[in-house]
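Below is one structure, written out as C-alpha cells; the observations come after it.
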Amino acid sequence: MNYTLLGFLMVFGPVVYAVVGVLVSRKIMHGKVVEGHNDVCVPIFLNAGVLFAVLLGFMVVAVWESYDAAASNAATEAASLVPLYRSTYALPKEPGDKMRELTRAYAEAVIHNEWEKQAEGQPSSEARHAAGMFFKAFGDGTIDSEIKKTYPFICTEMMGAINEVTTDRNKRGIQASESVPVVMWFAILGGAFIIVTMSFVIYMERPVPHMIMAGAMAMLIGLLLYACVLLSHPFKGPIAIQPESFEKTLHVFDDVDRGN
C-alpha cells in the first residue's frame, strides 16, 4: 500500500469535496435563502458536530491506546529475554551454552523473520520453532533432572521468564492481526461525509470564507482519519513499531557475555 498516496487522498480529497460542494450549494441556494435560515441550520450543525467529535475522539484514543499497548508489549517481551539469558550463566557450561544459543536464536528469528511477516498478520514458523525449543530444552535432557535438583531456583526463574516471553509473543501476534471493526469505519466515514455536507447549507454572504472554513474542517477530519488508519496497524506502515527493543536486547547479550 502506498501510504503517501493514501494520505494525500484522505487529506486533500475531502478538501476538494468541501470546496466543490460549497460552490454547487451556493448556486442552488442563490436567491432562495430567507431570514432565519442560519438560525435553524447552525444549531442542527453544532449538535451533529458534537456527536461526530465524540465519535472521532473515541476512535483516535482507541487506536492510539492499541498502538501504545502493542509497543509496550513488544518491549516487555524483548526485556524478558535478558534475565533468561543472564540466568544461564548459573548453569553448568554445556546446558548454559545451549540455553544462550536458544535465546539468541529466538531474538534473531523475531528480528529477521517474524517482524516482516507479522506486518501482514502472519506468524513466523522459524520464531515459533525457536520459542518451542525453550520448552523442549526442559524435556530433551538439556536441562535434566539433576540440574533441576541442583539449581531449583534458577530453573524456576528460567521457566518463568520463558512463560512470560511466550505469553508476550502470543499477545504480539494477536495485536498484529487486530483491526478496527468495519462498523466503526462505516460510522466514522459516514459521519465525516454528513458533517462536511451539512457545512454546505450554512449560508455566508461571501463564498471565499465559506470555502476556506469548510475546506479547513474537511482537512482536519481527513488528517485525523489518516492518523487512525496508520495507528490501527501498529506493525505496518510508515510509523510501524520496529524491532529495536530486540536489537538492543542482543547488544545486552553481548555485554553479558563480556561479563558486564
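Just so it is clear, the structure is predicted and the values come from calculations on it, not from any experiment.
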Distance, nearest 0.5 Å, that separates [atom1] of [X] from [atom2] of [Y]:
X: Leu81; Y: Thr249; atom1: CG; atom2: OG1; answer: 6.0 Å
X: Lys93; Y: Leu91; atom1: NZ; atom2: CG; answer: 12.5 Å
X: Glu126; Y: Asn113; atom1: CD; atom2: CG; answer: 4.5 Å
X: Met99; Y: Ile154; atom1: CE; atom2: CD1; answer: 12.0 Å
X: Ile44; Y: Asp39; atom1: CD1; atom2: CG; answer: 11.0 Å
X: Leu84; Y: Phe134; atom1: CG; atom2: CZ; answer: 5.5 Å

Assess the side chains of [X] and [Y]: does a donor N or O sit below 3.5 Å from an acceptor N or O?
X: Ser232; Y: Tyr67; result: no
X: Glu157; Y: Ser87; result: no
X: Asp168; Y: Thr76; result: no

Requested in this report: Can you label the angle between the Phe235 ring and the Trp115 ring as parallel, tilted or perpendicular, going by 30° and 60°?
Outcome: perpendicular
Honestly curious: do [X] and [Y] fall in one hydrophobic cluster under the side-chain, below-4.5 Å linking rule?
X: Met217; Y: Met204; value: no
X: Ile195; Y: Met213; value: no
X: Leu220; Y: Leu189; value: yes
X: Leu225; Y: Phe8; value: yes
X: Leu51; Y: Phe58; value: no

Query raised in the report: Step by step, would you call Lys236 with Glu120 a side-chain contact (heavy atoms from CB on, under 4.5 Å)?
Result: CA-CA 8 Å; Lys236 186 177 181 180; Glu120 305 300 328; 3.8 Å; yes
If we only count heavy atoms from C-beta on, is the [X] to [Y] side-chain gap below 4.5 Å?
X: Pro14; Y: Ile221; result: no
X: Tyr106; Y: Val165; result: yes
X: Leu6; Y: Met10; result: yes
X: His37; Y: Met29; result: yes
X: Val180; Y: Cys228; result: no
X: Ile147; Y: Cys155; result: yes

Query - Tyr3-Tyr226 aromatic ring centre distance below 6.0 Å - result: no
Is the backbone N or O of [Y] less than 3.5 Å from a side-chain atom of [X], with the two atoms forming a donor-acceptor pair by type?
X: Arg169; Y: Ala74; value: no
X: Asn170; Y: Thr166; value: yes
X: Arg26; Y: Glu205; value: yes
X: Thr142; Y: Pro95; value: no
X: Lys148; Y: Phe138; value: yes
X: His210; Y: Ser199; value: yes
X: Asn47; Y: Pro43; value: yes

[X] to [Y] - nearest heavy-atom pair and separation:
X: Gln175; Y: Ala70; value: OE1-CA, 3.4 Å
X: Cys41; Y: Ile202; value: CB-CG1, 4.4 Å
X: Ala18; Y: Ala218; value: CB-CB, 3.9 Å
X: Val60; Y: Val63; value: O-CG2, 3.2 Å
X: Asn163; Y: Thr167; value: O-OG1, 2.8 Å
X: Ala107; Y: Leu250; value: CB-CD2, 3.8 Å

Query raised in the report: Going through the distances and angles, do Val82 and Tyr85 end up as a side-chain contact (heavy atoms from CB on, under 4.5 Å)?
Result: CA-CA 5 Å; Val82 175; Tyr85 195 86; 5.7 Å; no
Query - His112, NE2: over 12 other non-hydrogen atoms inside 6.0 angstrom - result: yes
**Report entry** Within 6.0 angstrom of Glu116 CD, more than 12 heavy atoms from elsewhere
**Finding:** no
Query raised in the report: Under a 4.0 Å N-O cut-off, is there an ion pair linking Glu114 with Arg128?
Result: no
Requested in this report: Assess Arg86 against Phe253: is NZ or CZ under 6.0 Å from the centre of the six-membered ring, and within 45 degrees of the ring's axis?
Outcome: no
Report summary line: In Phe186, Phe52, Phe200, Tyr17, the residue satisfying ring-ring contact (aromatic ring centres under 6.0 Å, His included) with Phe193 is Tyr17
**Report entry** salt bridge (Lys or Arg N to Asp or Glu O under 4.0 Å) involving Arg104 - partner list, sequence neighbours excluded
**Finding:** Asp254, Asp257
